[in-house]
Amino acid sequence: QVQLVESGGGLVQAGVSLRLSCATSGRTFSSYAMGWFRQAPGKEREIVAAISVSGGRTYYADSVKGQFTISRDSAKNTVYLQMNSLKPEDTAVYYCAASAVVIHTTVLTTSKQYNYWGQGTQVTVSS
């Protein structure tokens, strides 16, 4: 079993940066591909970014390319989402997700591919 705990959300003004963290515990972090999703009110959950076990491969939704950066720290069993130049349309609950993979270069980009989820952290961007 894997436990995921997100932190770092909050209420901010447009243009500022936030860094979300997702601390993991339980099974071996180094075997899990990780991802960040978000869900805005009235909308479906969508992929934001994903990263392979090795950290060498990443994926970004078109809406956040060049704005968000995903990274992972194996020593801290933590994955991060650096969000820059935040916009009101980035307002959502952000979820961390994990799933064990065999091939360490695998990047998982759909919610159905993930087995473990955090409780979510709210990010609200005011204009």
Side-chain angles (χ1 to χ4, degrees):
Q1 192 74 345
V2 175
Q3 292 79 44
L4 308 175
V5 179
E6 302 99 334
S7 61
L11 171 61
V12 298
Q13 289 189 328
V16 304
S17 298
L18 277 179
R19 188 178 76 161
L20 304 183
S21 299
C22 174
T24 69
S25 61
R27 303 293 292 274
T28 306
F29 178 72
S30 60
S31 299
Y32 284 81
M34 305 292 296
W36 285 98
F37 290 74
R38 68 185 179 185
Q39 187 166 18
K43 295 187 177 181
E44 294 186 354
R45 188 173 299 188
E46 62 176 0
I47 180 79
V48 174
I51 190 166
S52 62
V53 169
S54 64
R57 292 191 64 194
T58 56
Y59 168 87
Y60 296 95
D62 288 343
S63 58
V64 304
K65 281 182 181 176
Q67 181 189 2
F68 290 4
T69 302
I70 188 170
S71 62
R72 62 191 296 161
D73 185 335
S74 295
K76 297 182 178 180
N77 289 352
T78 300
V79 64
Y80 303 98
L81 185 68
Q82 178 67 41
M83 307 186 294
N84 298 328
S85 303
L86 283 163
K87 309 168 188 176
E89 51 263 43
D90 295 318
T91 295
V93 178
Y94 284 72
Y95 298 91
C96 175
S99 191
V101 294
V102 174
I103 301 174
H104 286 191
T105 55
T106 300
V107 174
L108 305 177
T109 60
T110 68
S111 59
K112 293 182 179 179
Q113 293 175 299
Y114 287 92
N115 295 324
Y116 303 101
W117 293 84
Q119 81 289 350
T121 185
Q122 177 71 47
V123 173
T124 303
V125 184
S126 64
S127 58

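Keep in mind that what you see is a predicted model, and the values were worked out from it rather than measured.
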- [ ] In sequence, state the C-alpha distance, the side-chain angles, and the governing distance for V53 and T106, and then conclude on side-chain contact (heavy atoms from CB on, under 4.5 Å).
- [x] CA-CA 7 Å; V53 169; T106 300; over 6 Å; no
Open item on the list: Whether R45 engages the ring of Y95 as a cation-pi pair (distance to the six-membered ring centre under 6.0 angstrom, angle to the ring normal within 45°) should be assessed.
Closed with: yes
Task: cation_pi(R72, Y32) dist<6.0 Å, angle<=45 - done: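 No - R72 does not lie over the ring of Y32 by the 6.0 Å and 45° rule.
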For [X] and [Y], which heavy atoms make the closest approach, and how far apart are they?
| X | Y | result |
| --- | --- | --- |
| W36 | C22 | CZ2-CB, 3.6 Å |
| A33 | V101 | CB-CG1, 3.9 Å |
| A14 | S127 | CB-CA, 4.4 Å |

[X] side-chain N/O to [Y] backbone N/O, donor-acceptor pair under 3.5 Å:
| X | Y | result |
| --- | --- | --- |
| E6 | C96 | yes |
| T121 | Y94 | no |
| T78 | K76 | yes |
| T24 | N77 | yes |

Open item on the list: Pair S17, N84 - check side-chain hydrogen bond (donor to acceptor under 3.5 Å, both in side chains), show working.
Closed with: CA-CA 4 Å; S17 298; N84 298 328; 3.0 Å; yes
Open item on the list: If we check side chain to side chain contact (heavy atoms under 4.5 Å, CB included) with V79, which of these qualifies: D73, L4, I70?
Closed with: I70
Task: Qualifying residues under ring pair (Phe, Tyr, Trp, His ring centres under 6.0 Å), relative to F37, sequence neighbours excluded - done: Y114, W117
Is it the case that [X] and [Y] place a side-chain donor and acceptor less than 3.5 Å from each other?
| X | Y | answer |
| --- | --- | --- |
| R19 | Y80 | no |
| Q122 | T124 | yes |
| N115 | S99 | yes |
| S85 | Q67 | no |

Task: Residues R38, S63; criterion side-chain contact (heavy atoms from CB on, under 4.5 Å); working and verdict - done: CA-CA 12 Å; R38 68 185 179 185; S63 58; 3.5 Å; yes
- [ ] With rounding to the nearest 0.5 Å, note down the distance linking OG in S52 to CE in M34.
- [x] 12.0 Å
Task: Interatomic distance, L108 atom CG to Q113 atom CD [nearest 0.5 angstrom] - done: 4.5 Å
Going only through I, L, V, M, F, W and Y residues with side-chain contacts under 4.5 Å, is there a path from [X] to [Y]?
| X | Y | value |
| --- | --- | --- |
| V123 | Y60 | yes |
| I47 | V64 | no |
| V2 | F29 | yes |
| L20 | V12 | yes |

- [ ] Walk me through it: do V125 and Q13 pass the test side-chain contact (heavy atoms from CB on, under 4.5 Å)?
- [x] CA-CA 5 Å; V125 184; Q13 289 189 328; over 6 Å; no
Task: Stepwise salt bridge (charged side-chain N to carboxylate O under 4.0 Å, His left out) check, K65 with D62 - done: CA-CA 5 Å; K65 281 182 181 176; D62 288 343; 3.1 Å; yes
Task: pair F68-L81: side-chain heavy atoms closer than 4.5 Å - done: yes
- [ ] Indicate yes or no: at least one non-hydrogen side-chain atom of V107 is less than 4.5 angstrom from one of I51.
- [x] no
